Number of protein chains: 2
Amino acid sequence: MAKFDLFQFVPFRLNRLAAEVSAALSDEYQVRYGLDIPEWRVIATLGFRDDACSAQFISQCTRTHKSTISRAVTALLDRELIERVENEDDRRAFELRLSAKGTALYEELIPRLLSKERDILSCLTAQERKDFAAALGKIERSLDLVQTRHGQKAGAY
Amino acid sequence: MAKFDLFQFVPFRLNRLAAEVSAALSDEYQVRYGLDIPEWRVIATLGFRDDACSAQFISQCTRTHKSTISRAVTALLDRELIERVENEDDRRAFELRLSAKGTALYEELIPRLLSKERDILSCLTAQERKDFAAALGKIERSLDLVQTRHGQKAGAY
DNA sequence: TTTAGATGGTTGCAAATGAGACTATCTTAG
DNA sequence: CTAAGATAGTCTCATTTGCAACCATCTAAA
């Protein structure tokens, strides 16, 4: 049998790397702002989008279970970092958006995270970073992971 | 503020991709062989190495908490997929190795996983795969994630 | 309309996991 | 030799998270 090398095995490496990178970032959003990962994902999605969106949307585009998002939304409402208004068109769903307080947090946090990301990727040249991002994109697309700006999976078109 | 795009943010993408790739592989080791992720990591590490090794070693090189490894080892001993013998030199530690049954499982499983990995990476050209692996390696090294064949962190030398 | 099925969101429960205490053993400094 | 600290592994506890049942609402079809 061909010799198997766990440390060359891409799925394993991705898992380990993702865990390590998350840990490196958590100082910023966890220690400094008391956000856990699902909460940060909600904030990031709402801050990224100009218009309000539903919990369902956040769940889909971050690939996080809807119950996890639901709990994060509850916690963020309690902390008044986000606001929730009824949706006229569909009374099952709610429109979520950042509050002023949430926006302030978002705008303080983002530069810190981008700086961490730069640190982590600073071991690559500009070209290597570009190629790496492109490769990630290809794999994401082949796994049907990509979302458009309007929240539909690309494959759904 | 510069517009932040969650879907361009590498830490987020790594997390999402790692989760998705793991899910794609879990059919093989979970559904087919009833192994969870920590158990698979123990099997993979023991199968990869020619000589026996300790739980501590597995914990370090897979970056998995020692209590998680301990539970996986107990489960695998119960299923007789691995064997544990006392270490003459250090009676706190045990030497772990695959049993015949474990080796058989390993040799059946590995080609399936490698095939899945090939599927996932088949969206990249050979050169892109090589560059992607190299970039992963660089990031791993810069995060001090790399282990040598003898289980010490490279940075420890 | 009425009804069946789909969908948004919440919640209870169970499984998984990390933190850290704990025991036993090893190592090193005095 | 002894004591202090480090280390291997196990165990208990608390947290996290996914699953799935559930409710309310929406949609579509008869």
Side-chain angles (χ1 to χ4, degrees), chain A residues 15-16 18-20 22-23 26-27 29-31 34-42 45-46 52-78 82-97 151-153 156, chain B residues 15-16 18-20 22-23 26-27 29-31 34-42 45-46 52-78 82-97 151-153 156:
Chain A
N15 255 295
R16 199 176 52 161
E20 202 68 14
S22 287
S26 76
D27 273 357
Y29 56 78
Q30 292 202 356
V31 177
L35 299 174
D36 63 21
I37 291 178
E39 286 162 14
W40 147 243
R41 288 185 178 173
V42 171
T45 308
L46 294 179
C53 57
S54 68
Q56 183 67 14
F57 172 78
I58 300 172
S59 170
Q60 282 171 0
C61 67
T62 64
R63 297 241 150 177
T64 307
H65 197 275
K66 64 178 183 169
S67 62
T68 304
I69 295 298
S70 173
R71 282 184 271 255
V73 164
T74 302
L76 293 171
L77 285 170
D78 288 347
I82 64 175
E83 292 163 352
R84 178 169 70 171
V85 300
E86 284 198 1
N87 184 329
E88 295 298 309
D89 299 332
D90 185 343
R91 268 176 301 172
R92 295 169 303 177
F94 298 94
E95 296 196 332
L96 301 170
R97 64 179 74 249
Q152 305 303 314
K153 295 185 74 170
Chain B
N15 256 294
R16 200 176 50 161
E20 201 68 14
S22 287
S26 75
D27 274 357
Y29 56 78
Q30 292 201 357
V31 178
L35 299 173
D36 63 21
I37 291 178
E39 286 162 14
W40 147 243
R41 288 185 178 171
V42 171
T45 308
L46 294 179
C53 57
S54 68
Q56 183 67 14
F57 172 79
I58 300 171
S59 170
Q60 283 172 358
C61 66
T62 63
R63 296 241 152 179
T64 306
H65 196 276
K66 63 180 182 167
S67 61
T68 303
I69 295 298
S70 174
R71 283 184 274 257
V73 164
T74 302
L76 293 171
L77 284 171
D78 288 348
I82 64 175
E83 292 162 354
R84 177 169 72 172
V85 300
E86 284 199 2
N87 185 329
E88 295 298 309
D89 299 333
D90 184 344
R91 267 176 303 173
R92 295 170 304 178
F94 298 95
E95 296 196 332
L96 301 170
R97 63 179 75 249
Q152 305 302 314
K153 296 184 75 169

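Quick note on labels: first sequence line is chain A, next is B, and so on, each numbered from 1. What you are looking at is a predicted structure, and each value in this text was computed from that prediction instead of being measured.
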Considering only side-chain heavy atoms of B:His65, which listed nucleotide, D:dA8, C:dG20, C:dG9, is closest?
C:dG20
Starting at CD of B:Glu86 and ending at P of C:dA24, how long is that distance when rounded to a whole Å?
14 Å
Determine: side-chain N/O of A:Arg91 to OP1/OP2 of C:dG8, distance under 4.0 Å, yes or no.
no
Sidechain-backbone polar pair: B:Ser54 side chain, B:Glu95 backbone, donor-acceptor under 3.5 Å:
no
Return the value, rounded to whole Å, for the distance between atom CG of B:Leu76 and atom P of D:dT10.
12 Å
Using only modelled atom types and a 3.5 angstrom limit, is any donor from either the side chain of A:Arg84 or the base of C:dG9 paired with an acceptor on the other?
no
Counting distance only, does the side-chain N/O of A:Gln60 pair as donor-acceptor with the main-chain N or O of A:Phe57 below 3.5 Å?
no
How close or far is atom P of D:dT7 from atom CZ of B:Phe94, stated in whole angstroms?
19 Å
OP1 or OP2 of C:dT17 under 4.0 Å from side-chain N/O of B:Arg71
no
Using only side-chain N and O atoms of A:Ser67, determine if any of them is under 4.0 Å from OP1 or OP2 of D:dG18.
no
From C:dT25, D:dA24, D:dG9, pick the nucleotide closest to the side chain of A:Arg92?
D:dA24
Side chain of A:Asp90 only, heavy atoms from C-beta on: which candidate in C:dG9, D:dT25, C:dA19 is closest?
D:dT25
Please report, rounded to the nearest Å, how far the P atom of C:dA15 is from the CD atom of B:Glu39.
15 Å
Would you kindly give the CZ-to-C1' distance between B:Phe57 and D:dG9, to the nearest whole Å?
17 Å
Hey, are the side chains of A:Asn87 and A:Arg92 touching, using non-hydrogen atoms and a 4.5 Å cut-off?
no
Toward the 5' end of DNA chain C, by each residue's nearest nucleotide, B:Asp89 or A:Val73
A:Val73
Need one value for B:Thr64: base, sugar-phosphate or nothing, where a base atom within 4.0 Å counts as base even if backbone is also close, heavy atoms only.
nothing
When you measure from the side-chain N and O atoms of B:Thr68 to the phosphate of C:dT17, is any distance below 4.0 Å, counting only OP1 and OP2?
no
Has A:Thr45 got a side-chain atom pairing as donor or acceptor with A:Arg41's backbone, closer than 3.5 angstrom?
yes
Start with the C-alpha gap between A:Leu46 and A:Cys53, add the side-chain angles, then the distance that decides, and say whether side chain to side chain contact (heavy atoms under 4.5 Å, CB included) holds.
CA-CA 7 Å; A:Leu46 294 179; A:Cys53 57; 3.5 Å; yes
Rounded to whole Å, how long is the line connecting atom CD1 of A:Ile69 with atom P of D:dT16?
15 Å
B:Lys66 has an atom NZ; how far is it from atom P of C:dA24, in whole Å?
15 Å
Rounding to an integer number of Å, can you tell me how far A:Ile37 CD1 sits from C:dG18 C1'?
13 Å
